[in-house]
Amino acid sequence: MTLWTSARRLLAPALLAAGLATGQLAIVPQQAMAAEEVNIAIISFSPYAPWYIVQEKGLAEGLDIKVQIIEDITAKNAGLTSGTIQCMLNTLDSVVVARAAGVPVKVIAVPAMSYGLDEMVVDSSIQSVEDFPGRSYGADYAFLNHMWMLLTLKDAGIAFDALDHKIMLPQDSAAAFVSGALDIDVNYKPFTTQSLERDGSHVLKTSLSDRTWERGLISESIACNEAWLAENPETAKKLLKAWFAAVDWWKANPDEGNDLIATGLDWPVADVRLTQYGAIMLTLDQNLGAFGIGDGTPVCASVPEGAPAGPSEPSGWGKTLFDGAPDCEAGYLAATWDLFGQVYTEAGVVDTTASAADGLDPSVLDALAAEDLHTSLSNNSWIGRVGL
């Protein structure tokens, strides 16, 4: 599996699989108090990797952060269920599916969201979404690009079954599109770069032009075992504080940070730059805005300094998908969670849903806000400003 094959792709959740081996706390000589071990699962994806900065810079006081790269969502969900993994980073829609299937997981933060990384590449005959019916598209199943297409169709009033969904991994979808076997490739960079090699193909829209960042429609999550969260509130607070400290440091030191991330993931640093060029790393304050805590400001009202400007016109997502709510508002995350559950149910991906009240846990962010940390961890620079 290549770096880009594994990066970001999550397998369709047949949600319970074999667990992971349980780690043991190290015994420190002379009975000194050992650092508390916390096991975190990520996929090979640079917006998930500030944990390597946490480790290198010693930002998690009293914690021993163990990072495991586990590409398969079933393995991560099994680890969370068994307790061998305390937290994981996954796309938000995949955690909605996991929670609906009974995985004891709760989202405590939004680490990142797409800001141009995801693209819909179409053939020359397609000029608008209205041209989609009767066409075929490639996207993985129950994965954020699948969700993006479903949201696009729902927004346009087009039935989900009006298109032929070809379930494909990202690299396979790009290859099929180039060969002419698909009309639409719903994918992300660098695979969309390959898709554009087809004569007459063009990018119809991106997560930047589509303003999916207004309501976190292509969004990531930090999610933890709910029993562990309830039993270890101080540890969870230290963990999340370390995350935001690492993101804040990365924004102030993008070149060194990119090198640390590249080393941790075993990526070329150019791939880190390419990925970060299309992603927003959310600040603590933007997380408060997502959850609707205090005076937190959502990303849509605080786009990072140096980021490319999106279209000036609002998206209209609020009107069509959120019962007339504003496109940009604080506290959007609960409605987005519930929308994902609704859409995946309508599409037959899941049979049941779990409400935002069951799946979101604002308590850790509440604790950080009470310490006023969002004023000190406030760097809102765009890491992608370093370019390609």
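Throughout, residue positions are numbered sequentially from 1 according to the sequence presented. Values below: every heavy atom of this structure, side chains too, minus hydrogens, waters and symmetry copies.
Atom OG1 of residue Thr297 and atom NE2 of residue His374 lie 9.0 Å apart, to the nearest 0.5 angstrom. Rounded to the nearest 0.5 angstrom, Asn287 CG and Ile293 CD1 are separated by 8.5 Å. The structure places CG of Leu150 at 10.0 Å from CG of Leu339, a figure rounded to the nearest 0.5 Å. The line from CD of Glu256 to CD1 of Ile261 is 11.0 Å long, rounded to the nearest 0.5 Å. Here the CD1-CG distance, from Ile40 to Leu63, works out to 8.5 Å after rounding to the nearest 0.5 Å. Interatomic distance, NZ of Lys238 versus CG of Leu368, reported as 12.5 Å (0.5 Å rounding).
By the 30° and 60° cut-offs, the orientation of the rings of His165 relative to Tyr137 is parallel. Between Trp51 and Trp243, the angle of the ring planes lies from 30° to 60°, which puts this pair in the tilted group.
Between Trp382 and Gln276, the closest side-chain pair of non-hydrogen atoms is not below 4.5 Å. Looking at Val97 and Ile73, their side chains never come closer than 4.5 Å, going by heavy atoms from C-beta outward. For the pair Glu329 and Pro298, the minimum side-chain heavy-atom distance is 4.5 Å or more. Taking the side chain as every heavy atom from C-beta outward, Arg198 and Asp123 approach each other to under 4.5 Å. Put simply, the side chain of Pro104 reaches to within 4.5 Å of the side chain of Thr81, judged on heavy atoms.
Linking Ile, Leu, Val, Met, Phe, Trp and Tyr residues whenever their side-chain heavy atoms come within less than 4.5 Å leaves Ile126 and Val178 in two separate clusters. Val269 and Leu260 sit in two unconnected hydrophobic clusters of ILVMFWY residues. Membership requires side-chain heavy atoms under 4.5 Å apart, directly or through other members.
A donor atom on one side chain and an acceptor atom on the other are found under 3.5 Å apart for Tyr48 and Glu220. Counting only N and O atoms by type, the side chains of Asn187 and Thr192 include no donor and acceptor under 3.5 Å apart. Side-chain N/O atoms of Thr91 and Asp93 include a donor and acceptor closer than 3.5 Å. In this model, a donor atom of one side chain and an acceptor atom of the other lie less than 3.5 Å apart for Asp185 and Ser173. Between the side chains of Thr152 and Lys205, at least one donor N or O sits under 3.5 Å from an acceptor N or O. Inspection of the Trp267 and Ser44 side chains reveals an N or O donor paired with an N or O acceptor under 3.5 Å. A donor-acceptor pair shorter than 3.5 Å can be found between the side chains of Ser302 and Gln286. Checking Glu214 against Ser315 by side-chain atom types alone, a donor-acceptor pair falls below 3.5 Å. Between Thr283 and Asp285, the side chains place no donor N or O within less than 3.5 Å of an acceptor N or O (distance only, hydrogens not considered). Under the 3.5 Å distance criterion, with hydrogens and angles disregarded, no donor-acceptor pair is assigned to the side chains of Asp210 and Trp317.
Nearest heavy atoms, Val121 versus Ser195: CG1-CB, 4.0 Å. Nearest heavy atom pair, residue Ala325 against residue Arg215, reads CB-NH1, 4.1 Å. In this structure, Ala307 and Tyr115 approach most closely via the heavy-atom pair CB-CE2, 3.8 Å. Nearest heavy-atom pair across Leu365 and Phe244 is CD2-CE1, 4.0 Å. Heavy atoms only, all atoms of each residue included: Val105 and Ala98 are closest at CG1-CB, 4.5 Å. When all heavy atoms of Gly348 and Tyr141 are compared, the closest pair comes out as O-OH, 3.7 Å.
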For this session: Report the C-alpha distance between Gln194 and Gln171 in whole Å, list the side-chain angles of each, state the deciding distance to 0.1 Å, and finish with yes or no for side-chain contact (heavy atoms from CB on, under 4.5 Å).
Result: CA-CA 9 Å; Gln194 177 185 346; Gln171 71 276 16; 5.6 Å; no

For this session: Decide yes or no on side chain to side chain donor-acceptor pair (under 3.5 Å) for Asp118 and Asn145, but give the supporting numbers first.
Result: CA-CA 8 Å; Asp118 297 84; Asn145 295 122; 2.8 Å; yes

For this session: Would you check, one step at a time, whether the test side chain to side chain donor-acceptor pair (under 3.5 Å) holds for Thr320 with Asp155?
Result: CA-CA 6 Å; Thr320 57; Asp155 178 62; 2.3 Å; yes

For this session: Evaluate the criterion side-chain contact (heavy atoms from CB on, under 4.5 Å) for residue pair Lys106 and Leu360; output intermediate values, then yes/no.
Result: CA-CA 5 Å; Lys106 284 184 176 284; Leu360 302 179; over 6 Å; no

For this session: Any chance you could lay out the side-chain contact (heavy atoms from CB on, under 4.5 Å) test for Leu163 and Ile184, step after step, and finish with the verdict?
Result: CA-CA 10 Å; Leu163 280 75; Ile184 306 163; 4.1 Å; yes

For this session: Show your reasoning for whether side-chain contact (heavy atoms from CB on, under 4.5 Å) applies to Asp327 and Arg211.
Result: CA-CA 9 Å; Asp327 293 326; Arg211 297 179 71 99; over 6 Å; no

For this session: Apply side chain to side chain donor-acceptor pair (under 3.5 Å) to Asn258 and Trp250, showing your working.
Result: CA-CA 8 Å; Asn258 288 343; Trp250 191 5; 3.0 Å; yes

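No side-chain donor-acceptor contact under 3.5 Å links Glu37 to the backbone of Asp64. Proximity of a side-chain donor or acceptor of Asn232 to a complementary backbone N or O of Thr235 within less than 3.5 Å is not detected. Listed for the Thr206 side chain is a donor-acceptor partner under 3.5 Å among the backbone atoms of Leu208. Of the possible donor and acceptor atoms, one in the side chain of Ser207 sits under 3.5 Å from a partner among the backbone N and O of Gly116. A side-chain donor-acceptor contact under 3.5 Å links Asn253 to the backbone of Trp249. Not one N or O on the side chain of Asp358 forms a donor-acceptor pair closer than 3.5 Å with the backbone of Ala354. Although no hydrogens or angles enter the test, the distance criterion places no donor-acceptor pair under 3.5 Å between the side chain of Asp361 and the main chain of Ile108. Of the possible donor and acceptor atoms, none in the side chain of Ser219 sits under 3.5 Å from a partner among the backbone N and O of Leu92. With Ser378 contributing its side chain and Thr375 its backbone, the two residues share a donor-acceptor pair below 3.5 Å. Remark: the backbone N or O of Ala356 is paired with a side-chain donor or acceptor of Asp338 at under 3.5 angstrom.
Partners of Ala156 according to the side chain to side chain contact (heavy atoms under 4.5 Å, CB included) rule, which considers only residues two or more places apart in sequence or in another chain, are Val129, Ile158. Listed by chain and residue number, nothing satisfies the salt bridge (charged side-chain N to carboxylate O under 4.0 Å, His left out) test with Glu313 (two or more places apart in sequence, or in another chain).
A salt bridge links Arg273 with Asp255: the distance from a Lys NZ or Arg NE/NH1/NH2 to an Asp or Glu carboxylate oxygen falls below 4.0 Å. Taking a cutoff of 4.0 Å between a charged side-chain nitrogen and a carboxylate oxygen, Glu305 and Lys251 do not qualify as a salt bridge. Using a cut-off of 4.0 Å between Lys/Arg side-chain N and Asp/Glu carboxylate O, Lys76 and Glu71 are scored as not salt-bridged. A salt bridge is defined here as a Lys NZ or Arg NE, NH1 or NH2 lying under 4.0 Å from an Asp or Glu carboxylate O, and Lys241 with Glu61 fails to meet this definition.
At most 12 non-hydrogen atoms from other residues, nucleotides or ligands lie less than 6.0 angstrom from CG of Asp323. Lys57 NZ: more than 12 foreign heavy atoms inside a 6.0 Å radius.
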